[in-house]
Amino acid sequence: MNEVTYTPRLIAIDLKDSLKTLSVEGILYDCNTLEESSDVRWAGDVTLHNSSSLPKNQFLLDLEKQDDLIGSTASNEDDDSSQEADTTEMNEDELNQEQSIPLSIEERTYNLDDSVEVWSDFLRCHLHPKSVAIIKEYAHQSELEPFEIFSQGTNLWKNGKVSDQMENHLHFYTEECDHLQGFQVLVDFYNGFSGFGSSLLESLSDEYGSKGIFTVGVSPSTFSEGIPKHDSQRIINAALAFPSLADYSSLFTPVSLAETLWRKPGLPTNFNNLAYKPNLNYHTSAILASALDTATLGLRMQEALLPLHQLTDTFSAMGRKVATLNTSFPFAMTQDEALSEVLNKHVDIPIWQSLTPHSNLHLTPFMQSVILRGVSQRKLYMRSNGVPKTSLDSCSTAEDMLKMYLMTAYTRTLNSGNVVQEPSRVATPYPRIFPPNLSKDGFLLGPGQEQEVTRSVPMITSLQSTAGIQSTLETLHKEANKLDIKKFNTYEQYGLETDDYKESLEKLYNLSKCYSTHSCHSDSSTDED
């Protein structure tokens, strides 16, 4: 059946056995799913063993039924007479069964906390066959040969097979772009993907040097095991990755919901109006995704508020290629509160919380790009008899009010402020992490107001170039400098030389000095205490 479908322009790289019920090629096209069946070179008898399908959670089952129902409806619409006959002959039981799954699955509520193990367990959209690339050399959560070393990732890229596959997928997407702004790359910086991502970014930088590359480094907020060796490996991986990710990106932003990282992750970030579980990636990834979606919203609008290369070039002045990300999620407003009232409360204290571990929110940023979304025009003012109570109340639009607030609260900062009316959508399959005192639109309810399931929320984000990131870089350098790389022979087995590690530490040190109040240092001649 010929149908128009829309898929994200996405390439996702993961390990073998990480997709569970998701097919590598998706379900939109008739692709050969018997991988490597044509590569058999054995001349004798071959026995093919098919493993049973993994069970799907209720959300995926309902999503499948909804797709079938929509497909059936679209097929019937092609023949009006056939549709009338089918409707006439359908008895009451069949009609009830047909309507048992609503067309809008957003209206249903699921508790997926116990059933989500991988990202495909809550994937709602369809993917193109060129979207998913699987690394077959390593298995998901393998205990025999885990993918946990920076050098494993760089070696994997060098062997050619995986890199050729990636370049094939990449060229497929770039060649269909009318106007390519650049790339947004999300990469783990604590495991083997730190090395793989660094090599991928080097290739992107070489081939698409004129395009913007915005890289987001990600780490979980908790780790289940408390093994000192693994803690040290995560430090080494991050110390090797940060300079590379910054070098080959136009702008690099590390994020996590842990307030501090490295040797032992600190307390999870506390959001006043969220009840999330920091040990569930399903929860933490949703919060980070909402923040990234909002922070980069201006890049994806039909009339881009700011082109990617212009944003990254502005931020990366003086070698400052590492930025922080902050958010207020959801943006704390009561149903009856005015935007001007909320902003006035935060002139002297930050209105957001940091998603970049170790960063100092209380230092004045050099520059920032702020996006406010989901606050309607009718919630702007706090007036008495039509007379503005504050200077913010004299603003005629939310964007003017946001810009005036930034000029007042951040007088020494180069500010960019934009407002989008569209709120952040948090309907199914978003985790149920919102307390009962939030309305369906994400505003705080007063006593006695009717409780509803939250479907969307207002939020604000700030992407900053700030001296506050210096603490992140310095603490990582300090922890990595304590470790003798020669004692971790796995790195040497995969080709890492001691001098390479020392060079990365020197680059990391120099990078941290770019965020001091003085000019960026070109060398590390000053010894650390």
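A quick note: this is a predicted structure, and the numbers were derived from the prediction, not measured. We number each residue from 1, following the sequence as shown.
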Who passes side-chain contact (heavy atoms from CB on, under 4.5 Å) against S18, sequence neighbours left out?
D14, I134, H140
Using the side chain to side chain donor-acceptor pair (under 3.5 Å) rule, take S221 and T284 through it: C-alpha gap first, then chi angles, then the decisive distance, then the call.
CA-CA 8 Å; S221 56; T284 57; 5.0 Å; no
Checking S340 against D393: is there a side-chain donor and acceptor pair closer than 3.5 Å?
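Looking only at side-chain atoms, S340 and D393 do form a donor-acceptor pair, the distance falling under 3.5 Å.
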Quick one: do the Y430 and S290 side chains pair a donor with an acceptor below 3.5 Å?
yes
Side chains of residues 367-374: which donor-acceptor pairs under 3.5 Å do they make with residues two or more places apart or in other chains?
{"residue": "Q368", "atom": "OE1", "partner": "S462", "partner atom": "OG", "Å": "2.7"}
{"residue": "Q368", "atom": "OE1", "partner": "Q464", "partner atom": "NE2", "Å": "3.0"}
{"residue": "Q368", "atom": "NE2", "partner": "N415", "partner atom": "OD1", "Å": "2.8"}
{"residue": "R373", "atom": "NE", "partner": "E422", "partner atom": "O", "Å": "3.0"}
{"residue": "R373", "atom": "NH1", "partner": "D293", "partner atom": "OD2", "Å": "2.9"}
{"residue": "R373", "atom": "NH1", "partner": "T294", "partner atom": "OG1", "Å": "3.0"}
{"residue": "R373", "atom": "NH2", "partner": "P423", "partner atom": "O", "Å": "3.0"}

Do [X] and [Y] have side chains that get closer than 4.5 Å, going by heavy atoms?
X	Y	answer
F223	D231	no
V118	L22	no
T215	F189	no
Y110	P429	no
P254	F242	yes
I469	F252	no

Indicate the ring-plane relationship of F329 and F271, choosing parallel, tilted or perpendicular according to the 30° and 60° boundaries.
perpendicular
Tell me whether the rings of H128 and Y173 are parallel (<30°), tilted (30 to 60°) or perpendicular (>60°).
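Ring orientation, 0 to 90° scale: perpendicular.
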Mind checking what makes salt bridge (Lys or Arg N to Asp or Glu O under 4.0 Å) contact with [X], not counting sequence neighbours?
X	result
E479	K482
D121	K20
D113	K277

Basic-acidic side-chain contact under 4.0 Å: E399, K403:
yes
Could you tell me whether K130 and E176 have a side-chain N and a carboxylate O separated by less than 4.0 Å?
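No, no charged N to carboxylate O under 4.0 Å.
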Name all residues meeting the side-chain hydrogen bond (donor to acceptor under 3.5 Å, both in side chains) criterion together with H346; count only those two or more places apart in sequence or in a different chain, and write none if there are none.
none
